[in-house]
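For reference, the structure is listed below as structure tokens.
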Amino acid sequence: MVTAKQLERITRAKSNLETDRAIFISRWKEIARQMLSSYGSWGKSADTQKNLDDTASNFDNTANQASNLMADGLMGSCFGRNIAWFSLLFEKDDWNKDKSAAEWLYNQERIVYRQFDRSNFYDEARSFVRLGADFGTATMFMQEHPEEGKPFFRTLHPKDVVLMENRFGVVDTMIRDIYLTKDDAIKEFGEKKLPETIRANEDYTKKFIFHQYIGPNYRFELNVKGTDEYISIYWSDEDATKTLKEERFPRKPFVAWRWNRDLEGCVYGTQSPGLMQISNMKSVNNLTENVQKQSQLIVEPPIKATEGLVVNFRPRGLNSLKNGEDFAPVNITGDLTFTENERNYIRQSIRQAYYSDFFLLLSQNLDKTKTATEVAGIMNEQSNVMSSFFNRLATEFLEPVIEFVFENEMTHGRLEAIPENSTFSGEEIKVDFVSPMFLIQKRSHTVDGIVQAAAQILQFAEVKPEIVDKLRFDNIADVIADGWNVKKVLIEEDNKVAEIREKRAQIQAAMADQQMQNETGKAQAQIYNQLGKAPESGSAMAQEEQSA
């Protein structure tokens, strides 16, 4: 049981962490204002009515469109609902070539995929990716849905989360704010555990602030029953002297992705497109405002008019003037060419920061001006440029999420049992990413080089055929199949291949022997036929017979 003194230490740490995070909050708010209020209110109130940021001063939507495109592009090419984006493999590669082991892994994949499809992961993941790209940091909480028996995910607003990392730079601790109505709080914690101020409240729409701490065993040394590595406790903002719920998890029930880790040790991510392009967002917003003002002045220029004169500005409007009365538009001068060029340049810089060119590559009619090989080369190049943040996304987000779902299914007995007497029981399992984006990078670094090398070697084989003996074609086939994510169950095992080849060799040898026998028989029959014929007239043999 967590004591009041221990809980006080956690709340004090939370306050200190919020102070450290304040500088990021101010920058994040700036980004949110430029993103047309995509992230809503940044207040700490639990009121149900949320106030959105004022967008009256927003005149350009380039960054918001680029961020949306990146989120949609990553979902579609990396871990979308309708694509295969991961496979399960044994750590020991020999087992992946075993047919029964490969079939068992494939069946487990199908179960995990089905749980992802049943959950809200793909909806929450899009918001998660946008947060990471815009603010440099994104956090998601993971748990089992108690009623429906499926995983549940929630992407958290940056204002509601503080993080801590261990000495290895890995985020292992999170404290978050939660906003619950009285009914939801009762379902989560039980009515008796709630503070009296909440139990007595009769406004069922009012939300109260609760807090959750998640951290490893060694952090704060909390007295919570169990032996699992991670501890989770909840408490209410109404009463910070006692916990409402205490539990343990075998692995961290949240993920925190940083676009780029701060080398000075700050827990929050840096150098994301949003953080790096905030000045450009402001600049292009000001330029767009100026262009709109200029356009409005041209369409509706200021008017010089006689005092008291009412002018009809409608098209072909009739104005009746008295003698001496007059009005005239003020001439507006100025060339907006430079402004327009500068605005387009900045917009392109923002789009490039969000890798818009890559995600629009296939829709930019490149196939009309470039060959398929050239298009593939461009995609390889751009995917390699993206690999730095993309690999961190895989390590800090995708892999932990898959492991959470897999182990959750294992804990609840929903995975297929390992066959009796199987030799792969107890072997370690790893995640292999096979989405289109990962495969582009994998083929770029493995398959493409092997295919090009083999093609050149085969050219030399025209001059010196025995050079082909240097190539291990079976290994090349395995690498190519892996680069295109051909399922292991579709690849024949090496021992089976050896048996097939041995039988083929036996059949070919038998056929060759039979063919040789047939050819020998034909030759013998031909000789026999020739010996059985009378000598031709005038031939040497005929002359010998006559002389005899």
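- Counting heavy atoms from C-beta on, the side chains of Phe79 and Val401 never come closer than 4.5 Å.
- Taking every heavy atom of both residues into account, Ile214 and Pro253 meet most closely at CG2-CD, 3.6 Å.
- Heavy-atom minimum distance, Gln277 versus Ala353: CG-CB, 3.6 Å.
- No side-chain donor from either of Gln348 and Asn344 sits under 3.5 Å from a side-chain acceptor of the other.
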Dump the intermediate steps for side-chain contact (heavy atoms from CB on, under 4.5 Å) on Thr137 and Phe24, then the final yes or no.
CA-CA 10 Å; Thr137 306; Phe24 288 92; over 6 Å; no

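- The two residues Leu156 and Leu131 have their closest heavy-atom pair at O-CD1, 3.5 Å.
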Test log, rule side-chain contact (heavy atoms from CB on, under 4.5 Å), inputs Met164 and Val267
CA-CA 6 Å; Met164 297 178 66; Val267 69; 5.7 Å; no

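- Asn64 and Arg130 form a side-chain donor-acceptor contact under 3.5 Å, judged by distance and modelled atom types alone.
- Atom CD1 of Ile23 is separated from atom OH of Tyr268 by 12.5 Å, given to the nearest 0.5 angstrom.
- For the residue pair Glu103/Asn107, the side-chain donor-acceptor check at 3.5 Å is not satisfied.
- Without hydrogens or angle criteria, Ser119 side chain to Lys150 main chain gives no donor-acceptor distance under 3.5 Å.
- A donor-acceptor distance shorter than 3.5 angstrom exists from the side chain of Thr288 to the backbone of Val284, with no hydrogens or angles considered.
- A side-chain N or O of Arg248 and one of Asn217 form a donor-acceptor pair less than 3.5 Å apart.
- Aromatic ring pairs are classed by plane angle as parallel below 30°, tilted from 30° to 60° and perpendicular above 60°; the pair His145 and Phe152 is perpendicular.
- Residue Asp60 forms a side chain to side chain donor-acceptor pair (under 3.5 Å) with just one option from Arg347, Gln34, Arg343, Gln65, and that option is Arg347.
- The environment of Glu428 atom CD is sparse: at most 12 non-hydrogen atoms of other residues, nucleotides or ligands sit within 6.0 angstrom.
- To the nearest 0.5 Å, the span separating CH2 on Trp257 from CG on Leu398 amounts to 9.0 Å.
- Phe254 has its side chain out of reach of Arg176: every pair of non-hydrogen atoms, C-beta onward, lies at least 4.5 Å apart.
- The main-chain N or O of Gly269 is never found under 3.5 Å from a side-chain atom of Trp259 such that the two would form a donor-acceptor pair.
- Looking at heavy atoms from C-beta onward, Phe116 lies in side-chain contact with Phe153 at the 4.5 angstrom threshold.
- Salt-bridge annotation for Glu165 and Arg258: present, with a side-chain N of the basic residue lying under 4.0 Å from a carboxylate O of the acidic one.
- Gln115 contributes no side-chain N or O that, together with a main-chain N or O of Pro151, makes up a donor-acceptor pair within less than 3.5 Å.
- Of the possible donor and acceptor atoms, one in the side chain of Glu124 sits under 3.5 Å from a partner among the backbone N and O of Thr155.
- More than 12 heavy atoms of other shown residues, nucleotides or ligands fall within 6.0 angstrom of atom CD1 in Ile418.
- With Phe397 as reference, Phe128 is the one residue of Phe128, Phe433, Phe404 to meet the ring-ring contact (aromatic ring centres under 6.0 Å, His included) rule.
- For the atom pair Asn96 CG and Lys430 NZ, the distance stands at 7.0 Å (nearest 0.5 Å).
- The minimum heavy-atom distance linking Ile346 with Ser283 is given by the pair CD1-CB, 3.9 Å.
- Between the side chains of Asp134 and Tyr354, at least one donor N or O sits under 3.5 Å from an acceptor N or O.
- Looking at Trp104 and Ser100, their side chains never come closer than 4.5 Å, going by heavy atoms from C-beta outward.
- The backbone N or O of Phe424 lies less than 3.5 Å from no partner atom in the side chain of Lys92, so there is not a single donor-acceptor pair.
- Using a 3.5 Å distance cut-off with no hydrogens or angles, the side chains of Tyr218 and Asp172 do pair a donor with an acceptor.
- Defined by atom type and a distance below 3.5 Å, a donor-acceptor pair is present between the side-chain atoms of Arg126 and Asn68.
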Step-by-step side-chain contact (heavy atoms from CB on, under 4.5 Å) determination, Glu409 to Ile111:
CA-CA 8 Å; Glu409 296 307 292; Ile111 295 173; 4.2 Å; yes

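- Between Met516 and Thr520, some side-chain heavy-atom pair lies under the 4.5 Å cut-off.
- Once rounded to the nearest 0.5 Å, the distance linking CE of Met75 with CH2 of Trp85 reads 9.0 Å.
- Contact annotation: the side chain of Trp28 approaches that of Arg21 to within less than 4.5 Å [non-hydrogen atoms, C-beta and beyond].
- Val468 is not listed as a side-chain neighbour of Ile457, based on a closest heavy-atom distance of 4.5 Å or more.
- A donor-acceptor pair is defined here as one N or O able to donate and one able to accept, closer than 3.5 Å; such a pair exists between the side chain of Glu109 and the backbone of Leu88.
- Of the inter-residue distances, the one linking Glu403 atom CD with Glu407 atom CD reads 6.5 Å to the nearest 0.5 angstrom.
- Across all their heavy atoms, Ser435 and Ile83 have their closest contact at CB-CD1, 4.2 Å.
- A donor-acceptor contact shorter than 3.5 Å is absent between the side chain of Asp228 and the backbone of Ile231.
- Nearest heavy-atom pair, Met142 versus Pro400, reported as atom, atom and distance to 0.1 Å: CE-O, 4.5 Å.
- The line from CG of Leu89 to CH2 of Trp95 is 15.0 Å long, rounded to the nearest 0.5 Å.
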Go through the steps to decide whether Glu229 and Arg251 satisfy the test side-chain contact (heavy atoms from CB on, under 4.5 Å), and finish with yes or no.
CA-CA 7 Å; Glu229 181 181 358; Arg251 69 167 45 250; over 6 Å; no

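- Contact check for Phe59 versus Asn285: side-chain heavy atoms found under the 4.5 Å cut-off.
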